[in-house]
Amino acid sequence: MKHLFWRALFLWSLLLSAQSGEEPAGLVLSGGGAKGYAHIGVLQALEEAGLTPRYLTGTSIGAIVGAYYAAGYTPEEIKRKFREMNMADMMQDKLPRRYLPLYEKKTGRDNFFYFPVDKKTLAVHLPQGLTNYQLFYNRLFKDLFHIQYVSSFDSLPVAVRFYATDLVNGCTVAFDSGSIPRAVAASSAFPSIVAPLKIDGMLLTDGGILNNYPIDELYALGARFTVGVDVQGRLKKEHEIRGMPDILDQITAFYMYANMPRKRAMTHIYIRPAVTEYAVTAFEGLDTLVRLGYEAARPYIPRLREAAARTPKINRPVPRRPDSLWFKDIRITSPSGPPPNRAQILWKANFAPRKKIAFEDFETGINYLYGTGDYKQIHYWIEPDSTLVMDVVRDTVNIKLKLAYHYSPLYKINLLAGFVYRNFLRENGTLDMEFILGDPLRYNFNLLFDNGYHFGYGFSSSFHQFERNVSYPLFFEEVTDPSFNRMDLHFARWQNQLYFITLLSTNFNLRAGPGHTYYNMYTTVFSSADNNKKFFLAKSHYLTAFFDLYYDDMDDFYFPFHGVVINFRAARHHPLAENDEGFYQLDFYLSGARRHGSRWSTSYELRAGLLTHSDPPLPFLYYPGGIAHHNPVENLVPFYSRDYLALKTPGFMLFQPQIQTRIRKNHYLQWGAQGMVAEQKTPARLTDFALYYNIYMRYGLKSFFGPVFVTYAWEPSTGKGNLNFSVGFFF
């Protein structure tokens, strides 16, 4: 009976079109992931034929392309918009680093992959998706601003309908009014990649699951002549079903393609570009897919021209966006859970009603709010009366497990296992615990109660240790002619700090407080075969008062292209249980990067350190050598042409210029030089310096497991080179 109804509707539409002499055209755009770029090529053919559809229905990528078309963008402009988008970053919700909390920036932990943990059972489970689609929503709001909210989608020159799937009730949800970016995001939320979106009390995902080619709905809107673009896949053959993902795809495809013979018969011009073999994530194939779409539509241009002659002319809107915004009121809602904290949201986003705000500052506020990690979904729109509506979904997963891997010549193989507990004890509390499993063991602990521009407070504790063969004369200078040149060095540092912290700006904070540090340095070089005698170079406790200023707007922790990092630390150390005077330690770090085109950047680093003690304790001296670029032990200074702990000094200054190029996606080459002046005597009086310098080349890979670096440096004064290799995040 259902099939008879739609056939009758189809015949009735033909009868009406014959009687009226006009045939309002309709366009249906199917889902298909990246293959949907072919829709743009079909739109080029429609434009060439002079046909502008009055009605448009779309699902998934069809909804995305359809929304841009209904907003007035030409096919060439739509193509350019997609080229500007880094879909890989958007699929990962990779927020630009400048919007992240400063404590995350300082460690590079934003690149970790986190697993949700159930608070009650402590069971670890997979996330609902790799992305919450927030960055994509932000981009839709920006590009579609002039149609971002309409009381009825029928009021647009090209009337649209977009479709999503209700995961709970198993039905199709049609969007016909309200926020167009939200409708497009819901329709294109590809399962397993995009987490389901919470909208109006429903849990929504990709509309293609139940209706990937909405031709019936196109006739219901009023279309009398239809063009359909089908970029769906096909059922797999037996030899193509290799694993569980293939089985799940096949099961989904049974329903998705079951009605296609009927729907194809209902379409006046059915266009199926030759994109079946492309993956749904083949976003890098934009130009090819657009070309294939045009080639599939080109044979139909004569028929499209005939249809254009019978179709009413339609003037699509002109894309526009204001330089600034003004809100009469700001309404904050939530589709589920407790009511959102209005004051906290407005404070973090820096929004206020009846106050003019630049459009760029509005985008910045949304990004900073999302960067807190408190919310997994922030949908927003501006209603006709200038009311900003923010519909937020709080991230209820407070505990997240993190795993990471690292290898370097200093620490050997390490596995990091830890967790982050948000809203710990109170709403703005964050507990971060990391256990570093290797030989030897280490840990990092941080508890922070962040009050933003007001003073917050916290407690941190860390234990770091390593073993290394080092130069014997470096630590026993009085032995002028030793019988051996190398010795084992065991280093351990246990540090505890109570601190107060406040934001001076979104990228600038101040941190100060008291602390305690315990150092243990020893060697077994004097042991015999039948004992394990430890000779302690240092075994002392220190009380410390410290002051730390930190500014960071660098775009990437490991492969920066633009931005600045400034860090100044001052500390007063006083030994316990020793009749010794206290001393000061001053450290300064400056790094800047500048982009030159899309692939090149230049950068520089300036490091300096100074101890004021007349005879500084060994643990506090600076030890240049190795690739200790992001090492948690601050007095290990990177100097690539020497091995770790090859030199020691009470004061130094190191300058490092560098050129970086991205040779292909996630692959980088860096060339640079390091020049260092190091104080030769203690105490440091800035009068007796030695000069060291090198040139280096480095290959870097940005991988899922963290950065991979292969560094070769050559030092002209010694005529020797040094090769270093590291894998994974530094911790």
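The chain is numbered in sequence order, starting from 1. All values derive from a computational prediction rather than experimental measurement.
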_Can a side-chain donor-acceptor contact be found between Gln134 and Asn367 if the only test is distance below 3.5 angstrom?_
no
*Say whether, by atom type as modelled, one donor and one acceptor occur between the side chain of Thr205 and the main chain of Ala189 under 3.5 angstrom.*
yes
*asked:* Please tell me whether Phe559 and Tyr668 form a close aromatic pair, meaning their ring centres lie under 6.0 Å apart.
replied: yes
*Does the gap between the ring centers of Phe362 and Phe351 come in under 6.0 Å?*
yes
*Do Asn446 and Asp432 have side-chain N/O donor and acceptor atoms under 3.5 Å apart?*
no
*asked:* For Phe145, does the six-membered ring have the charged nitrogen or CZ of Arg321 within the cation-pi criterion, i.e. under 6.0 angstrom from the centroid and within 45° of the normal?
replied: no
*Neighbour count >12 (heavy atoms, 6.0 Å) for atom CG, Asp385*: yes
_Aromatic ring proximity His379/Tyr137, centre distance under 6.0 Å_ = yes
*Find the distance between CD1 (Ile501) and CG (Asn451) and round it off to the nearest 0.5 Å.*
10.5 Å
_Centroid-centroid distance, Phe162 to Phe175, less than 6.0 Å_ = no
*What do you reckon, are the aromatic ring centroids of Phe500 and Phe455 less than 6.0 Å apart?*
no
*Quick check, are the ring centers of Tyr370 and Tyr99 under 6.0 angstrom apart?*
no
*Taking the six-membered ring of Phe561 (Phe, Tyr or Trp), confirm whether the NZ or CZ of Arg662 is under 6.0 Å from its centre and within 45° of its axis.*
yes
*Mind telling me whether Tyr558 and Phe729 have parallel, tilted or perpendicular rings, with 30° and 60° as the class edges?*
tilted
_Main chain of Glu383, side chain of Thr387: is a donor-acceptor contact present, judged purely on distance under 3.5 Å?_
no
*Give the C-alpha distance, both sets of side-chain angles, the deciding distance and a yes or no for salt bridge (charged side-chain N to carboxylate O under 4.0 Å, His left out) between Arg607 and Asp587.*
CA-CA 8 Å; Arg607 297 172 181 265; Asp587 294 286; over 6 Å; no
*asked:* Between Ser187 and Ala183 (side chain of the first, backbone of the second, donor and acceptor by atom type, cut-off under 3.5 Å), is there such a pair?
replied: no
*asked:* Any donor-acceptor pair under 3.5 Å linking the side-chain atoms of Ser462 with those of Asn444?
replied: no
